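Let me begin by presenting the structure, written as structure tokens, before commenting on it.
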2 protein chains.
Amino acid sequence: MSSAEKNTRTRILDAAWTLLETNLGEPVRMSDIAREAGISRQALYLHFPTRAELLVETTLHIDEVKNMESRLTPSRSARSGEERLTAFVDAWGNYIPEIHGVGRALMAMQETDAEARSAWQGRMEAVRHGCAAVVRDLSRDGGLKPELDEGRATDLLWTLLSVRNWEHLVRDCGWSQTAYLETMQALARAALVKTAATD
Amino acid sequence: MSSAEKNTRTRILDAAWTLLETNLGEPVRMSDIAREAGISRQALYLHFPTRAELLVETTLHIDEVKNMESRLTPSRSARSGEERLTAFVDAWGNYIPEIHGVGRALMAMQETDAEARSAWQGRMEAVRHGCAAVVRDLSRDGGLKPELDEGRATDLLWTLLSVRNWEHLVRDCGWSQTAYLETMQALARAALVKTAATD
DNA sequence: TGCTCAATTTGACACCGTGTCAAGTTGACA
DNA sequence: TGTCAACTTGACACGGTGTCAAATTGAGCA
């Protein structure tokens with residue numbers, strides 16, 4: 001609990017995150033993390049009971065995840081509900097590639113999955129709340145499609161954001177992140193907004 | 001090359017698939033596959049050089065994957081382009097849960113990923129062609145949104161089908177497969193069809 | 001200066017899963 | 001009866017995780 005303890009711990013987490021982000025494809029070993037953190041492999045177990053827990057902690061520790069809610073809060077400049085929707089989808093589209101390593105970390109633990117998932121469920125709830133807030137604004141503005149209630153609209157948006165194949169599209173289909181963002185925007189507007197604006 | 005060889009080989013693939021489908025969460029070991037197939041662990045290596053290749057072969061071997069194209073061909077009863085779109089999305093939504101084990105198999109090989117992916121890329125191209133065909137029909141019928149060209153529309157549909165969080169929605173958000181299907185349908189219609197029909 | 005205590009290191013080891021190897025067994029077929 | 005390929009058996013190397021016990025380091029304190 002001393003500051004030294006805390007420093008070593010965070011040094012480990014930072015090291016793990018660096019490797020998850022960088023060494024794309026290669027599995028991240030405990031010995032790798034130890035070397036990156038500048039300590040011995042066994043010392044890792046003084047701070048984390050198992051590799052899986054270390055990786056979960058890593059994903060929860062990085063700034064991008066800790067600041068998830070603020071990252072996904074659209075700028076104050078968005079006045080109308082539709083603008084707010086656009087800003088929200090944009091924020092999400094820019095956010096996803098930044099936390100690429102998180103997916104790898106979660107993937108690295110098939111059977112500890114349940115544990116990792118429950119740790120992540122709360123975070124994801126925050127995103128869903130964001131969807132609900134955006135839909136509420138859109139509804140207040142009268143911009144929401146008349147045939148949708150807010151719950152259904154929230155579901156649609158939430159589902160849309162769960163398109164996880166960004167990587168696939170970019171890698172295998174030659175998409176750019178811009179194309180991805182535009183597609184998200186087009187889908188979101190088409191699904192939710194009464195009079196969808198054309199490009 | 002004898003029929004005996006073929007039988008053993010397919011027995012192995014069937015065994016692997018059974019385990020991938022059944023033992024949810026648990027990793028599938030070579031010894032498990034051998035036991036399930038009723039042969040010795042070492043004999044697996046007489047048919048497949050490595051575990052990763054065995055798993056890739058397994059995913060490509062199952063009927064649901066071999067018949068992917070026909071499975072995703074909407075019934076002849078669909079007359080209009082819009083009906084055909086609906087049928088296509090429905091077919092996809094019903095198909096995905098059936099090949100659940102495939103995701104696990106592909107996941108089970110992080111670094112062989114590149115190999116597995118290229119083996120799967122061709123299959124996925126078939127789905128994309130399906131999207132293009134549906135969009136073409138819709139366009140011919142005059143049901144496609146005027147602001148979309150066929151390429152863009154195909155991209156939208158293709159992206160939509162890539163929503164991979166079906167499991168997540170069902171498990172963590174209490175969705176039913178029906179809710180998933182409805183959402184897909186709503187998104188597809190909203191994104192592509194000129195005058196989206198309401199429920 | 002020397003004591004203490006916690007964090008850390010070092011080296012060794014058990015366990016498990018993959019992949020390999022060599023020698024033996026089985027059974028179909030000529 | 002002999003041959004050949006498929007398969008079995010038992011042994012083993014390798015690499016990764018997790019554990020343990022015995023040093024070592026170093027900061028705070030008498």
Side-chain angles (χ1 to χ4, degrees), chain A residues 1-17 19-20 22-59 104-116, chain B residues 1-16 18-20 22-59 104-116:
Chain A
M1 57 189 67
S2 67
S3 78
E5 140 79 10
K6 199 182 165 194
N7 283 338
T8 303
R9 195 186 147 91
T10 59
R11 234 170 55 224
I12 293 172
L13 293 174
D14 289 344
W17 178 243
L19 295 175
L20 283 171
T22 317
N23 293 14
L24 299 160
E26 307 307 308
V28 176
R29 287 172 287 268
M30 291 301 261
S31 48
D32 297 329
I33 299 172
R35 190 176 344 98
E36 181 73 23
I39 62 174
S40 69
R41 188 176 66 86
Q42 290 88 331
L44 296 178
Y45 294 95
L46 299 173
H47 298 269
F48 304 93
T50 140
R51 175 169 176 273
E53 289 214 24
L54 193 164
L55 292 178
V56 175
E57 291 298 316
T58 301
T59 65
R104 290 190 58 215
L106 262 42
M107 203 129 296
M109 8 175 180
Q110 282 110 333
E111 82 272 27
T112 323
D113 214 13
E115 202 182 320
Chain B
M1 58 191 66
S2 67
S3 78
E5 140 80 11
K6 200 183 167 194
N7 284 338
T8 303
R9 195 187 147 89
T10 59
R11 234 170 56 224
I12 293 172
L13 293 174
D14 289 343
T18 303
L19 295 175
L20 283 172
T22 317
N23 294 10
L24 298 160
E26 307 307 308
V28 176
R29 285 173 287 267
M30 290 301 261
S31 49
D32 297 329
I33 299 171
R35 191 176 345 101
E36 181 73 24
I39 62 173
S40 70
R41 189 176 66 87
Q42 290 88 329
L44 296 178
Y45 294 96
L46 298 173
H47 299 270
F48 305 93
T50 140
R51 175 170 175 272
E53 289 214 25
L54 193 165
L55 292 178
V56 176
E57 291 299 316
T58 300
T59 66
R104 290 189 58 214
L106 262 43
M107 202 128 297
M109 9 176 178
Q110 280 111 335
E111 81 274 25
T112 325
D113 214 12
E115 201 182 319

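Chain letters run A, B, ... following the sequence lines, proteins first and then strands; every chain starts at 1. Remember, predicted model here, so these are calculated numbers, not experimental data.
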Measure [atom1]/[X] against [atom2]/[N] and give the value in whole Å, please.
X	N	atom1	atom2	result
Phe48(B)	dT18(C)	CZ	C1'	16 Å
Asp32(A)	dG16(D)	CG	P	8 Å
Ile39(B)	dA6(D)	CD1	P	13 Å
Arg9(B)	dA6(D)	CZ	P	13 Å
Glu53(A)	dG18(D)	CD	C1'	13 Å
Ile12(B)	dA6(D)	CD1	C1'	11 Å
Ile33(A)	dG16(D)	CD1	C1'	12 Å

> At under 4.0 Å, does any side-chain N or O of His47(B) touch on OP1 or OP2 of dA6(D)?
Replying inline: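 No, outside the criterion.
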> Is the shortest side-chain N/O distance from Thr50(B) to OP1 or OP2 of dG19(C) below 4.0 Å?
Replying inline: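 Yes, within the criterion.
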> So which heavy atom on Ala37(B) is nearest to which on Ile12(B), and how close?
Replying inline: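 Looking at all heavy atoms of both residues, the shortest contact is CB-CA, 4.1 Å.
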> Any idea which heavy atoms bring Leu44(B) and Met30(B) closest together, and the distance?
Replying inline: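 Nearest pair, atom of Leu44(B) first, then Met30(B): CD1-O, 3.3 Å.
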> In chain order, what residues pass the salt bridge (charged side-chain N to carboxylate O under 4.0 Å, His left out) check against Arg35(B), with sequence neighbours excluded?
Replying inline: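 Applying salt bridge (charged side-chain N to carboxylate O under 4.0 Å, His left out) to Arg35(B) gives Asp32(B).
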> Considering residues at least two apart in sequence or located in another chain, which fulfil the salt bridge (charged side-chain N to carboxylate O under 4.0 Å, His left out) criterion with Glu57(B)?
Replying inline: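 Counting only residues at least two positions away or on another chain, Glu57(B) forms a salt bridge (charged side-chain N to carboxylate O under 4.0 Å, His left out) with Arg9(B).
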>> Keeping Arg41(A) on the side-chain end and Ser31(A) on the backbone end, is there a donor-acceptor pair under 3.5 Å?
In response: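 No, because the side chain of Arg41(A) does not come within donor-acceptor range (under 3.5 Å) of the backbone of Ser31(A).
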Shorter than 3.5 Å, N or O on both sides, protein versus nucleotides 14-17 of chain C: list them out with atom names.
residue : atom : partner  : partner atom : Å
dG17(C) : OP1  : Arg29(B) : NH1          : 3.2

> Where do Leu13(B) and Phe48(B) land on the side chain to side chain contact (heavy atoms under 4.5 Å, CB included) test, with the steps shown first?
Replying inline: CA-CA 10 Å; Leu13(B) 293 174; Phe48(B) 305 93; 3.6 Å; yes
>> Does the protein touch nucleotides 20-26 of chain C at the base, only the backbone, or not at all? Give it as B, S and - per nucleotide, heavy atoms under 4.0 Å.
In response: BB-----
> Distance from Thr58(B) atom OG1 to Ile33(B) atom CD1, nearest 0.5 Å?
Replying inline: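 Reported value, rounded in 0.5 Å steps: 6.5 Å.
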>> Are the side chains of Leu54(B) and His47(B) in contact, using a 4.5 Å heavy-atom criterion?
In response: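 SC-SC contact between His47(B) and Leu54(B) ruled out.
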>> Could you tell me if the side chain of Thr50(B) sits less than 4.5 Å from the side chain of Glu53(B), heavy atoms only?
In response: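 Contact flag for Glu53(B)/Thr50(B) side chains = yes.
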